[in-house]
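To start, the structure under review is shown below, and the notes come after it.
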Amino acid sequence: MTDQAETAERPKLDKAALIAKYAEERAKRLRADGNQQYLQITGRLAHYLDDPYTPVTPRDPLSDHVTFAFIGGGFAGLVTGARLKEAGVADVRLVEKGGDFGGTWYWNRYPGAQCDTASMVYMPLLEETGHRPSEKYAHAPEILAQCRRIGEQYGLYEQALFHTVVTDLEWDDAHSRWIVRTDRGDAFTASFIGLGTGPLHVPKLPGIPGIERFKGHSFHTSRWDYDYTGGDPNGGLMEKLADKRVAIIGTGATSVQAVPHLARAAGRLYVFQRTPSSVDVRANAPIDADWFAGIATPGWQQRWLENFTQNQAGGGAEEDLVQDGWTDLSRRIREKIMQLPPEERTPRNMLAAYEDSDFEKMEEIRRRAEAIVADKATADRLKAWYRQLCKRPCFHDSYLQAFNNPNVTLVDTDGQGVQEITETGLVVDGVEYAVDCIIYASGFEVGTEYKRRAGFDMTGRDGLKLSEAWAEGMRTLHGVHSHGFPNAFFVQPTQGANLISNVPHNLTEAGRTIGMIVRHALDQGAREVEVTREAQDAWIEQLLTGPGRMLGSPDCTPGYYNNEGQDPGPAAALNVGYPAGAAAYFRYLDAWRSKGDFAGLAFR
Ligand code: NDP
């Protein structure tokens, strides 16, 4: 079909009507209780956090010393650990609450779990480990295997502590070291610490009245109960569900991936929806071994990472090596802007072009629901009425199709959520749906306090608590170093590249930086490294010259991107990245590191 024919067929967008519809749908979902609507999983609900995958092994508490302790055994800890080992730091101890490495990918073993960013750039250290991803978008078991591979290859298992939750981190000024205390009775010391606890690791439950009354079976998607469902994380049929009535609450990125598998297995599946996700084409494909051998020349993954970031968050590159949903999204916006004559490329017109491209994309996604879902009323309810980046965009080729199965019912709550849970089922609009099992695809804590999510409030120099130091917002250099917390490194995207479409890229760069800094400190015989207050203040000032937060617009439909539609307070203004964008940040960081003096850090 030619572009002209396409244009002729499509009705012109009525932007005013769309804006009104978006606002109307948003208003339905706004709740006064914001983040308070969710239940913290403690007390009688604590069993929802039990590890269904690995039994806990008893061990004696530790009171020894290591050069580097890292809190978290997910991607952040693994890539930092790997870089430290490469830099010749022999004793690196990762402390992890799960029973193995993997973090997100340890816990999220729900059927269909898969990365949404192309695995060639998403999976860390592919070149170093020599692993060829099997698919464009790898499934969870392969990603978990990659985590284990990194752990094995870099000897990170030797000192790792699993099923161990850090309860306290305290700077011991007299000895220039950290004291690490855990829920297993450990009180060991470390010359340096790293923190990679991740933003989305504490599951939450919806605060639906009656949730504790339900007498059937229930679990959260991040603790999938294969004993109950049958099947396995590789997508094996969950045969034990054949005679079961199953409810899944939530239709976010997790549910979108799990629903097709549940639809295939369950006697009856009810999908309880509050806000539909935007579900675009996935187009997964195997990665051909010959093709891979051709491109995997030395330095390939770094080239791919840089190309992805340049296309996604750097103004475009001549070539798009990765070609996934994210680079497609950016390309469309750029093309729209390029259609403007150069003299008309003002910030205002560029914003308008961006909005146009978004309206068009979302119309396309809504039409996709219409084209795939046979029942018109169901198709209509699956349409997302908001801008694409208001919520996590999803990509899937069998989610919408699942609603054509006769055993699947979409229970749309018209933005209100499930009304009540009874002993035997769920109530929406006064109608009770009797079920045997409830699966909570209700997501993870995001808007809650850092210390609640981390489980500790670290104490730096002179008794300074992190919660005090960051009371008015996060304060760091590069998102990694914070004044008052010597020898401590944060491994996460904010105040650095802030590249959300490929979080691992932020982590691998931070890991590389930390490896070099610790090596430098050890070589210099420095016992402490700390960012100066001046360097930190200057960095914060620079961050504030940027365009502000890219995600989380208050006029979006409520969700964790925008603090459930409530004012996040002034501290959120600091949850930003490098003003010139992610690609520019990585170039800046590379130059900063290469100079070798690590300007802004004081080595003592
Ligand atoms: P989300 O927080 O994205 O989704 C939670 C879902 O639960 C939403 O649909 C929410 O509705 C719904 N919900 C909450 N309360 C109620 C209620 N009372 N009644 C009915 N529904 C309710 O969690 P996910 O686990 O889906 O995803 C978390 C994040 O993890 C993603 O955003 C993504 O960043 C990441 N992820 C990444 C994947 C990947 O890369 N492949 C795959 C899966 C997840 P509402 O929208 O109205 O709030």
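Hydrogens, waters and symmetry mates play no part in the numbers below; they use all other heavy atoms, side chains included. Order of appearance sets the numbers: ligands from 1, and atoms from 1 within every ligand.
Counting heavy atoms of neighbouring residues, nucleotides and ligands inside a 6.0 Å radius, atom CD of Glu212 exceeds 12 of them.
In this structure, Phe395 does not count as a contact residue of ligand 1, since none of its heavy atoms falls inside 4.0 Å of the ligand. For Ile208, the heavy-atom gap to ligand 1 drops under 4.0 angstrom.
Contacts with ligand 1 closer than 4.0 Å are made by no heavy atom of Asn108, backbone or side chain. With a 4.0 Å heavy-atom cut-off, ligand 1 is reached by the backbone of Ala253 and by its side chain too. Under 4.0 angstrom from ligand 1, the non-hydrogen atoms of Ala441 all belong to its backbone.
In terms of protein heavy-atom proximity, atom 48 (O) of ligand 1 is nearest to Arg274 NH2, 2.9 Å. At the top of the distance list for atom 47 (O) of ligand 1, counting protein heavy atoms only, stands Thr275 OG1, 2.6 Å. Considering only non-hydrogen protein atoms, atom 28 (C) of ligand 1 sits nearest to Phe444 CD1, 4.0 Å. Of the protein's heavy atoms, Ile249 CG2, 3.6 Å lies nearest to atom 20 (C) of ligand 1. Counting only heavy atoms of the protein, atom 40 (O) of ligand 1 lies nearest to Arg392 NH2, 3.0 Å. For atom 30 (O) of ligand 1, the nearest protein heavy atom (residue, atom name, distance) is Leu200 CD1, 4.1 Å. Atom 19 (N) of ligand 1 has as its closest protein heavy atom Val418 N, 3.2 Å.
Every atom of ligand 1 is numbered from 1 in the order shown, and the set under 4.0 Å from a heavy atom of Ser442 is 5 (C), 7 (O). Here is the list of ligand 1 atoms found below 4.0 Å of a heavy atom in Gly250: 6 (C), 7 (O), 9 (O), 12 (C). Of all the atoms in ligand 1, the ones that sit under 4.0 Å from a non-hydrogen atom of Gly443 are 2 (O), 5 (C), 23 (O), 25 (O). Atoms of ligand 1 found under 4.0 Å from any heavy atom of Lys391 (numbered from 1 in listed order, with element): 45 (P), 46 (O), 48 (O).
The aromatic rings of Phe272 and Tyr270 sit tilted relative to each other, their planes meeting at an angle between 30° and 60°. The aromatic rings of Trp300 and Phe292 sit perpendicular to each other, their planes meeting at more than 60°, with 30° as the lower class boundary. Between Tyr110 and Trp224, the ring planes are tilted. Angles from 30° to 60° get that label. Aromatic ring orientation, Tyr228 versus His217: parallel (interplanar angle below 30°, classes split at 30° and 60°). Ring planes of Tyr48 and Tyr440: perpendicular class, angle over 60° (limits at 30 and 60°).
Comparing heavy-atom distances from atom 25 (O) of ligand 1 across Thr254, Thr117, Thr251 singles out Thr254 as nearest. Closest heavy-atom approach to atom 41 (N) of ligand 1 within the set Glu564, Gln273, Gln114, Arg29: this belongs to Gln114. Nearest residue to atom 42 (C) of ligand 1 from Tyr110, Tyr122, Tyr440, Tyr38 is Tyr110 (criterion: closest heavy atom). Looking at Phe272, Trp105, Tyr560 and measuring to atom 31 (C) of ligand 1, the nearest heavy atom belongs to Tyr560.
With Asp320 contributing its side chain and Val322 its backbone, the two residues share a donor-acceptor pair below 3.5 Å.
Ion pairing between a basic and an acidic side chain is recognised when a charged N comes within 4.0 Å of a carboxylate O; Asp380 and Lys383 show such pairing. Salt bridge status for Arg368 with Glu364: absent, with no side-chain N to carboxylate O gap under 4.0 Å.
Using a 4.5 Å heavy-atom threshold, the side chains of Met362 and Ser278 count as touching.
The side-chain contact (heavy atoms from CB on, under 4.5 Å) test with Val271 is passed by exactly one of Ile249, Val411, Thr251: Thr251. Under the side-chain contact (heavy atoms from CB on, under 4.5 Å) test applied with Arg223, the options Asp50, Leu49, Asp51 reduce to a single match, Leu49.
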